[in-house]
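All values reported here derive from a predicted model rather than from experimental measurement. Numbering of ligands and ligand atoms starts at 1, following listing order.
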Amino acid sequence: RLGENRAKVERMFGLMDRFLKNDPATLQNDIVNHVEYTVARSRFSFDDFEAYQALTHSVRDRLIERWHDTQICFRRKDPKRLYFLSLEYLMGRSLSNSVINLGIRDQYADALSQLGFDFEVLAEQEGDAALGNGGLARLSACQMDSLATLDYPAWGYGLRYQYGLFRQVILDGYQHEQPDYWLNFGNPWEIERIHVTYTVKFYGTVEEENFKGGKHKVWVPNETVEAVAYDNLIPGYGTRNTITLRLWAAKPSDQNDMESYNTGDYINAVVNRQRAETISSILYPDDRSHQGKELRLKQQYFFVSASLQDIIRRFKDTHSNFDDFPEKVALQLNDTHPSLAIAEVMRVLVDEENLSWSRAWDISCKIFTFTTHTVLPEASEKIPVDLLGSLLPRHLQIIYEINFRFLEELKKRIGLDYDRLSRMSIIEEGAVKSIRMANLSIVCSHTVNGVSKMHAELLKTRVFKDFYELWPHKFHYKTNGVTQRRWVVVSNPSLCALISKWLGTEAWIRDMDLLVGLQEYATNGDLHEEWKMVRKVNKMRLAEYIEAMSGVKVSVDAMFDVQLKRIHEYKRQFLNILGIIHRYDCIKNMEKKDRRNVVPRVCIIGGKAAPGYEIAKKIIKLCHAVAEKINNDPDIGDLLKLVFIPDYNITVAELVIPGADLSQHLSTAGHEASGTGCMKFLMNGCLLLATADGSTIEIIEEIGADNMFLFGAKVSEVPVLRKKAPNLKVPLQFARVVRMVRNGYFGFEDYFESLCDSVEVDNDFYLLGADFESYLEAQAAADKAFIDEEKWTQMSILSTAGSGRFSSDRTIDDYAEKTWGIERCRCPA
Ligand code: H53
């Protein structure tokens, strides 16, 4: 048989001949063949979209080759593997990113231009894959890129939602949500694995069986659904390594409804089967509040169960003893959304693999690591016990058992301090008895990470104080980072080329610390000229986009001032708008001759509001109402413009960020766990106007406070100010601009009433009034700096030069070494 096998392998090698080549003729041939045989259009007649489809298939072929090699390499070396569990990924487009990481962008551009196509035009055909909400989801995508680039043996797992994040449509200034059926035009980037399917169970009862002289629990479900794998290939940059992001889709299971078939209700039986697919149909659009919905819980378990079956199957391919599991597996919980994995691992080990409870628990505690992304209490997940008990009865028992044993241990450590015991319990008693998913995650994980230095401090001193005092060794932080491949190389090619030219190397694309080399040229006149030119071209591109999308013509000589992020009260887009109203008011009340001294601004705001978040939606409407007034005021002209960019997503961010002069990060100090948008702007040489919150505190350490415009209360001052709240003195300008909104200067006064109420002195939880004066001062400082072109350019260069620390490569290396205990495993060239 061995000889037979060898002969077969040799025959296959003979047929394969060599890897796909990347010269223009081969690329053209491949593209045209895909037009004909994959897209099924004639090679004599195909349009841009069909060309795009064929192009992506030829790129995909090349990804598959590398991916196969990588998987073989991982299998041979059998390293410890990282499994990254996240319910959300914001991947955006894949084409440019893939060809750049494969190192064949220019070859493709040449090949296409000889065929009469422009690479950039075809790239515009691609939709934006938005299987996530905001920062957390984009972070997962950036981390996948770094894991591949740094050769780590990693797998991402998630859900393949049929409807991604809603599309935001603005009608009369109001946000409307439309479904994002992103798979409408097919998705060439995924590979459906019809043979990689697992059965996921729900509902039912737990029975007891006699087993080896004792009792054994058996879960008898009464609904099953199939999970089908869809693999998305993630190529590293400057390496052959290409890793897998495996997303699960729900499909009806054959085992269902036998009864209805037998009773002859065929039509209903088929209709019922279709219901199974709803599990993976829609992404929940609220990223910071969870309402204990059954479908959401089903999604969580569906994804966790399928992923774990896959992970355990892979382990068992080569290992038979579960004591080796922690040497081979690290399970990363991206927030609490996948935390049911803890109960599921225990269930599999105890009920199915027949390990003792203590052995199973010991193994579990060695494999789980947990990253939390928030400080907001409303974002912490709680699952009603009744809901869990009905959907996953065995898991509820297991969680109770974990909690019982934990509390027993805890009593031994801290005595009968019932307040503290009840705070730390995994079960929250109260009107609705619930499971605290964060507590469950902390109890079982060997490491708990925050996402910035400040965040970690707040976790230790406030959010998880009790746990920190119990297990100080568990608590760490890894400041977030973003991938420079996507956020500079793909989205800002001219800046990328300029950086490489001045550093004399492209090595910074894999080693961002090299960017400090730019500091040396921060005052170099030649670099200044080239830097300004690159920035201006990016601004022109953005100005064209703004005009096409909103009809507003903007001057590229104005300062482009941008705030892009989910709309949330704590992020204070309202503060930004009030500042704009103040600016407008000042210009209106100025003598004509003084207007010459005004620094022209284009204020750009973009972001989605969760569909049920009323105040956030009002902020969007206010932005439009104010824009309407300002942009049509002949008195104002180019001195001030306000535009709202609709349907903010990754693709839009790639266009806007490189064209921004100033970006705003206004969260009330102590509320943004990290923030990653600021890092993208920083890399692109955009100056920051920000509070000292989350990761901006560390940006200050890197580039110095005099290279940015800081304002507002510090983290430690916020609670003090809140206590003083009703007696706080609010600046007159603040009262004035709020009154303008309240009194209908921009119309819709009834609609804006509750928004205005939310910042009244005794109600101003996010401290807009308290921070207003200092905000205006920072804005004035930004204006002053902008007039001094040399100064501004120097600050811009120093921002990019100081952004090295905020690469997700640094974050991932840190996680690999200190949290996951995994090593690089490079696939040979
Ligand atoms: O996660 C980002 C942080 C950011 C934080 C964000 C986040 C979500 O996007 C969604 C839910 C959640 O609890 C936190 O708000 O500060 O940068 C990545 O860590």
Problem set entry | Sole candidate of M679, R138, E698, R810 that passes side chain to side chain contact (heavy atoms under 4.5 Å, CB included) when paired with N480 |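 Checked M679, R138, E698, R810 against N480; only one passes side chain to side chain contact (heavy atoms under 4.5 Å, CB included): M679.
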
For this session: Say whether D813 and Y152, considering side chains only, have a donor N or O and an acceptor N or O under 3.5 Å apart.
Result: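 Note: D813 and Y152 side chains meet the donor-acceptor criterion.
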
Exercise. Will you find, in the side chains of E344 and Y301, an N or O donor that is under 3.5 Å from an N or O acceptor?
Worked result: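 Per modelled atom types, E344 and Y301 side chains form a pair under 3.5 Å.
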
Exercise. So, is K571 polar-close to ligand 1, with some N/O to N/O distance under 3.5 Å?
Worked result: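 Not met; the criterion fails.
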
Ligand 1 atoms in contact with [X] (distance to a heavy atom under 4.0 Å):
{"X": "Y570", "result": "15 (O)"}
{"X": "L139", "result": "18 (C), 19 (O)"}
{"X": "L136", "result": "1 (O), 2 (C), 6 (C), 7 (C), 8 (C), 9 (O), 10 (C), 18 (C)"}
{"X": "T374", "result": "13 (O)"}

For this session: Quick one: pull up OG in S808 and CG in L139 and give me the separation to the nearest 0.5 Å.
Result: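 It is 7.5 Å, given to the nearest 0.5 Å.
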
Write out the residue and atom name of the closest protein heavy atom to [atom], then the distance separating them to 0.1 Å.
{"atom": "atom 10 (C) of ligand 1", "result": "D287 O, 3.5 Å"}
{"atom": "atom 14 (C) of ligand 1", "result": "H373 O, 3.3 Å"}
{"atom": "atom 7 (C) of ligand 1", "result": "R288 NH2, 3.7 Å"}

Problem set entry | G675, C142, G134, S452: member with heavy atom nearest to atom 3 (C) of ligand 1 |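 Checking each option, the heavy atom nearest atom 3 (C) of ligand 1 is found in G675.
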
Problem set entry | Option of least heavy-atom distance to atom 4 (C) of ligand 1 (set: E88, E672, E381) |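 Residue with the shortest heavy-atom distance to the ligand atom: E672.
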
Problem set entry | For T819, the option from D814, T447, N449 that meets side chain to side chain donor-acceptor pair (under 3.5 Å) |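 Looking at D814, T447, N449, the match for T819 under the side chain to side chain donor-acceptor pair (under 3.5 Å) is N449.
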
For this session: Apply the side chain to side chain donor-acceptor pair (under 3.5 Å) test between K565 and each candidate in H665, Q664, Q573, E672; give the one that qualifies.
Result: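 Option passing the side chain to side chain donor-acceptor pair (under 3.5 Å) with K565: H665.
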
For this session: Measure the distances from the heavy atoms of N133 to every atom of ligand 1 and state whether one is below 4.0 angstrom.
Result: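 Not so, N133 does not reach ligand 1.
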
For this session: Look at ligand 1 and say whether G694 reaches it with a heavy atom at a distance under 4.0 Å.
Result: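 Judged by the 4.0 Å heavy-atom criterion, G694 does not count as contacting ligand 1.
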
Problem set entry | Plane angle bin for F467 and F464 - parallel if under 30°, tilted between 30 and 60°, otherwise perpendicular |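 Taking F467 first and then F464, their aromatic rings stand perpendicular (interplane angle over 60°).
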
Exercise. Can K478 be said to sit on top of Y815's aromatic six-ring, NZ or CZ under 6.0 Å from centre and within 45° of the ring axis?
Worked result: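 So K478 does make the cation-pi contact.
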
